[in-house]
Amino acid sequence: MRKIEVAASITTADFGNLYRVVRKLERAGVDRLHLDVMDGHFVPNITFGPDVCAAVRRLTDLPIDVHLMISEPARYLERFIAAGTDTITFHYEIGDSAHGKHATLARIRDAGRGAGLAISPSTPAKVLRDFADDLSLVIVMTVEPGFGGQHFMPGPAGKIAEVRRMFNDRPRFSVHADGGVSADTAEVVGGYGVTTCIVGSALFQRGRDTALEVQEVKRAAGNARYDAR
Ligand code: DX5
Ligand code: ZN
């Protein structure tokens, strides 16, 4: 079985009890936390900013990935770097030039953090080729960014395999599937060679056993047949 990581997205968790949420996720065996930052402009929803990321950082030693769904990541970058998270990813679709995106990725790397780009469902994987030397992770969106709890889109998931092929020579590169990933859909993204399953609402539904869901996602994705060529 391939070893697949689970990154827990707290977007649909109880924000009034983040301490308990984080403890529960640690006990459930998640490998990383995934923090969805939304600005009400790039996406039609608002979540939280760098201060909450810093607060979560103080709660845990788990690696933390920040997923910026904001129009101007460069403008707020220092504050997210100061929040102490391990990786910072922003969207390819922001209205910034290629030069601007390269510069932002370089600032993230210079701060010693993993730098990532996320691609929305309608963005082709080939746009990432120009950034091959800049990236330590890619997030492939399997829902339209903006809300937790949406249905998994199987079509865009196929880009995971393209991204894997593009970065195959990179030992520590990771490709994350984000949106609608659960024990029911993990086999699909596992079959495309995903390294990290981002799981949100499936971990927080009433009556669900969070630890069991984490195990089942890892099992379903890890057992899926993936042919690297
Ligand atoms: C969507 C976010 C996702 C999402 C994951 O814009 O980037 O991380 O909240 O949650 P589920 O698993 O509920 O789709
Ligand atoms: Zn996300």
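Start at 1 and go down the list; that is how both ligands and their atoms are numbered.
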Counting from 1, what ligand 1 atoms have a heavy atom of [X] closer than 4.0 Å?
X	answer
Met38	6 (O)
Phe147	1 (C), 6 (O)
Gly148	9 (O), 10 (O), 13 (O)
His67	7 (O)
Gly179	14 (O)
Thr11	9 (O)
His34	8 (O)

Checking side-chain polar atoms at under 3.5 Å, does Asp36 have a donor or acceptor matched by the opposite partner on Thr11?
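Short answer, yes.
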
Backbone or side chain, does any N or O of [X] fall under 3.5 Å from an N or O of ligand 1?
X	value
Ala202	no
Val199	no
Gly149	yes

Pick from Ser9, Ser201, Gly200: the one approaching atom 13 (O) of ligand 1 most closely through a non-hydrogen atom:
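Heavy atom nearest to atom 13 (O) of ligand 1 belongs to Ser201.
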
Heavy atoms of other groups near Phe15 CZ, more than 12 under 6.0 Å
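Count over threshold, so yes.
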
Main-chain N/O of His67 paired to Thr89 side chain as donor or acceptor, under 3.5 Å
no

Tell me if a side-chain donor or acceptor on Arg20 pairs with a main-chain N or O of Asp14 at a distance below 3.5 Å.
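Judged by distance alone, no pair lies under 3.5 Å.
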
Measure the shortest side-chain to side-chain distance between Leu35 and Ile10 over non-hydrogen atoms and say whether it is less than 4.5 angstrom.
yes

Check: Val189 and Cys197 side chains under 4.5 Å, non-hydrogen atoms
yes

Can you tell me which N/O/S atom of His67 has the shortest distance to the Zn ion (ligand 2)?
ND1

What N/O/S atom of Asp36 gets nearest to the Zn ion (ligand 2)?
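In Asp36, the N, O or S atom with the shortest distance to the Zn ion (ligand 2) is OD1.
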
To the nearest 10 degrees, could you say what angle the Zn ion (ligand 2) makes with NE2 of His34 and OD2 of Asp178?
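It comes to 110°.
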
Among all protein heavy atoms, pick out the one at the shortest distance from [atom]; state its residue, atom name and that distance to 0.1 Å.
atom	value
atom 7 (O) of ligand 1	Asp178 OD2, 2.8 Å
atom 6 (O) of ligand 1	Gly146 N, 2.8 Å
atom 14 (O) of ligand 1	Gly180 N, 2.8 Å

Apply the salt bridge (Lys or Arg N to Asp or Glu O under 4.0 Å) test between Asp134 and each candidate in Arg109, Arg170, Arg107, Arg129; give the one that qualifies.
Arg109

So, 4.0 Å and heavy atoms of Asp36: is ligand 1 close enough to count as a contact?
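Heavy atoms of Asp36 do come under 4.0 Å of ligand 1.
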
Determine whether any heavy atom of Phe152 lies closer than 4.0 Å to an atom of ligand 1.
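Contact absent.
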
Between [Y] and [X], is there a salt bridge with N-O shorter than 4.0 Å?
X	Y	result
Arg219	Glu216	yes
Lys218	Asp31	yes
Arg23	Glu26	yes

Passing candidate, side-chain hydrogen bond (donor to acceptor under 3.5 Å, both in side chains) with Asp65, options Arg32, His34, Arg113:
Arg32

Please report the closest heavy-atom contact between Arg57 and Leu62, naming both atoms and the distance.
NH2-O, 2.7 Å

